[in-house]
Novice: 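This is the structure I have questions about; it appears just below.
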2 protein chains.
Amino acid sequence: MKPKITLKDIARELDVSISTVSKALKNSKEISKDTKDRIKAFAKFYNYRPNNIALSLKNRRTKNIGVVIPDIVHHFFTTVFRGIEKYANSMGYNVIICISDESFDKEVINMEMLANGSIDGFILSLSAETQRKNDFTHLKELLDQGIPIVLFDRVTKEIACDKVILNDKGISIEAVEHFISTGAKKIALVTTENFFNVSESRKEGYLKALEDNHISINEDLILTLPHDLDNSKLIMEFFKNNEIDAVLCVNEIFAVQCLSIIQQLGYNVPNDISIIGFTDGILSKYASPKLTTVAQHGERMGEKAAKFLIDRMESLEMEEAPFKTEIINATLIKRDSTIN
Amino acid sequence: MKPKITLKDIARELDVSISTVSKALKNSKEISKDTKDRIKAFAKFYNYRPNNIALSLKNRRTKNIGVVIPDIVHHFFTTVFRGIEKYANSMGYNVIICISDESFDKEVINMEMLANGSIDGFILSLSAETQRKNDFTHLKELLDQGIPIVLFDRVTKEIACDKVILNDKGISIEAVEHFISTGAKKIALVTTENFFNVSESRKEGYLKALEDNHISINEDLILTLPHDLDNSKLIMEFFKNNEIDAVLCVNEIFAVQCLSIIQQLGYNVPNDISIIGFTDGILSKYASPKLTTVAQHGERMGEKAAKFLIDRMESLEMEEAPFKTEIINATLIKRDSTIN
DNA sequence: AATAATTACGAAAACGGTTTCGTGTTAATA
DNA sequence: TATTAACACGAAACCGTTTTCGTAATTATT
């Protein structure tokens, strides 16, 4: 058991002052070569490493960034997180993570906890409850205190900060037009009931594409699924009661659920019904047939978000550069659940 | 922009000493009710919160725990992580995460980084490379410095510390015997080439179960897949060249890959060939037929690991309690890829 | 030889808290 | 009335760094 060694220890052993040790280790020219050599050798031998906490206190920056995501089991967030971690690490930052679990309270409490010195900035995607309540005072307060925030994916106009989002509307249009190009006419949308900005945008895209292509909108072809319930019956009814030849799903789970039920009903995918789902995760990759998906490039989003944050933090705290919004272009990964 | 307020600020405004403010806010009886009320009111109004970094420095504990996992996209680790986060948070700890990406160097560098004061203890699962190299000096050094470590899932005998593992061998036996009970005789194993302790244990269980049930072992029925390559062809060959009526896969991806290929070859699952895969994740849940799996109870593992760590850290740093190893019992989730 | 410049180092403050100990005022006791 | 106890507060040390500033000793300059 050999506890960590401090500057003070070195100073005592070598009979010099703490300042001398500090300077010597930083190769200051104030210190003679002889003394520097002695101190460095000693420090190396005892494997001296400066204490991060003391440095944080002194420098008033922790080199930690806080990441708050609604859920970590969701593949999309997981990839974004990886992007953040990757970039942050490469820049010498550590990542402290909090799962809000879609809960407003957890989001607030954890962020306030971390904000008291533990982190230099936040990257977050709003929890479902926060979006529903439309209450962002906690974020505003943090910004007020001078703590930078970057929002990604689930963002809000209420908060002025850097943002990284997907071109949800655009890619939805692209998806629907891909259906249309293969001859589909009765195109359905399966979406979530929660009032997420992303679901909204995707729906807008869906509607826009139909309109642009002179296909009349049929509200019956939009299935809004509740959160957390067993959806199977609803989906089953949906496909039984409607004539459908293509379906766009706002997430991967809905997509594979639809796939499975469509097949159970005796239809062929993609010949009878085509499917496209958001999120290009393992579910889609290993489904049979493999699903055509919207790749959200989560890792790229994460890297970009981290870059935004670190840029801002390291801009010498000085003049507030205008806030930027980066739009990541989703891409359609064409596989076997749509006709080529 | 209203920056955070400190004890010093309060002291100055209220014309008392810093010590008085500190004591008042801690409700010390040294301070008169009057003064306490004044100070508390002021602090509340300005939303005073003590600075975590200063506290960490003073108390020599950060209330942060470091989690090092090989990968975050893997469902199993993700659930363990959630368990850790949950328990840690409930005990007032934050979680700093590092992805080793199966790399020895990243594991070492990140841990050393964090060990310099940023965290009070580690929870980790060894990277593939670390296991291959069998080099654990970085862990030994940390333990030497008095930093507690808890290993989970991918552990090693070389390191004496608390551990949380799965009864891999036992559950493999159970899985194989479940195959046998449904009449299977030609039972295959699909495993990884890397020398993980877990794959080893699973193989041992597989062999033991066959032996116990007087089924002769056929090495041809053991498929060892390389990491990261496209396995499809190998799996295809495997099922073409061998008569097989049941297959145990050491992870979820192998299981769905096998499922898909088996179906392509025109066999019926589970009637012609049964499948059981390790990890009860979404892939298995949404496959058709739904896969029978080994549930590893990752969340429970995570909670237990966090409990081990926090218990040890909070045991007043005093006498070293003996190291414990908790074995989490995996359970077989019977679904539709095995005969009931 | 007297003065100026350089060298090599230490003292001390600062970051934001906690905590021990000391002390000047009152209030209680002898 | 003198002594003691209780009360209410402040000074200072400490956690481990960095950094500014001061200064003694040496070297260079005139």
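The chains referred to below are lettered A, B, ... by the order of the sequence lines, with proteins before strands, and numbering in each begins at 1.
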Novice: Protein within reach of the bases, or only the backbone? For nucleotides 15-23 of chain D, mark each nucleotide 5' to 3' as B, S or -, using heavy atoms under 4.0 Å.
Specialist: BBBBBBB--
Novice: Enumerate the residues from residues 31-41 of chain A whose closest heavy atom to DNA chain C is under 4.0 Å, giving them by residue number; use none for an empty result.
Specialist: A/I31, A/S32, A/T35
Novice: Starting at atom CZ of A/R61, determine the distance to atom P of C/dG16, rounded to an integer number of angstrom.
Specialist: 15 Å
Novice: Around atom NZ of B/K86, are there more than 12 heavy atoms from other residues, nucleotides or ligands closer than 6.0 Å?
Specialist: no
Novice: Closest approach of A/I119 and A/I65, non-hydrogen atoms and distance?
Specialist: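 Closest heavy-atom pair between A/I119 and A/I65: CG2-C, 3.9 Å.
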Novice: For A/E102, is there an ion pair with A/R154 - N to carboxylate O distance below 4.0 angstrom?
Specialist: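 The answer is yes: the pair qualifies as a salt bridge.
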Novice: Tell me: CD1 of B/I53 to P of D/dC14, nearest whole Å?
Specialist: 22 Å
Novice: Do the side-chain N and O atoms of A/S118 and B/N52 include a donor-acceptor pair separated by under 3.5 angstrom?
Specialist: yes
Novice: To the nearest angstrom, how far is B/N27 atom CG from C/dT19 atom P?
Specialist: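 The distance from CG of B/N27 to P of C/dT19 comes to 14 Å, rounded to the nearest Å.
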Novice: Are any of the side-chain nitrogens in B/R12 or B/D9 under 4.0 Å away from the carboxylate oxygens of its partner?
Specialist: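 Looking at B/D9 together with B/R12, the answer is yes, because their closest N to O distance falls below 4.0 Å.
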Novice: Do B/D144 and B/K140 meet the salt-bridge criterion of a basic N to acidic O distance under 4.0 Å?
Specialist: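 Looking at B/K140 and B/D144, the cut-off is not met.
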Novice: Does any pair with a residue in residues 24-67 of chain A pass ring-ring contact (aromatic ring centres under 6.0 Å, His included), and if so which ones, sequence neighbours excluded?
Specialist: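 Listed once each, the pairs are A/F42-A/Y46.
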Novice: Quick test of your reading of the model: are A/R38 and A/D34 salt-bridged, counting only N-O distances below 4.0 Å?
Specialist: no
Novice: Rounded to whole Å, please give me the gap between NZ in B/K29 and C1' in C/dT19.
Specialist: 16 Å
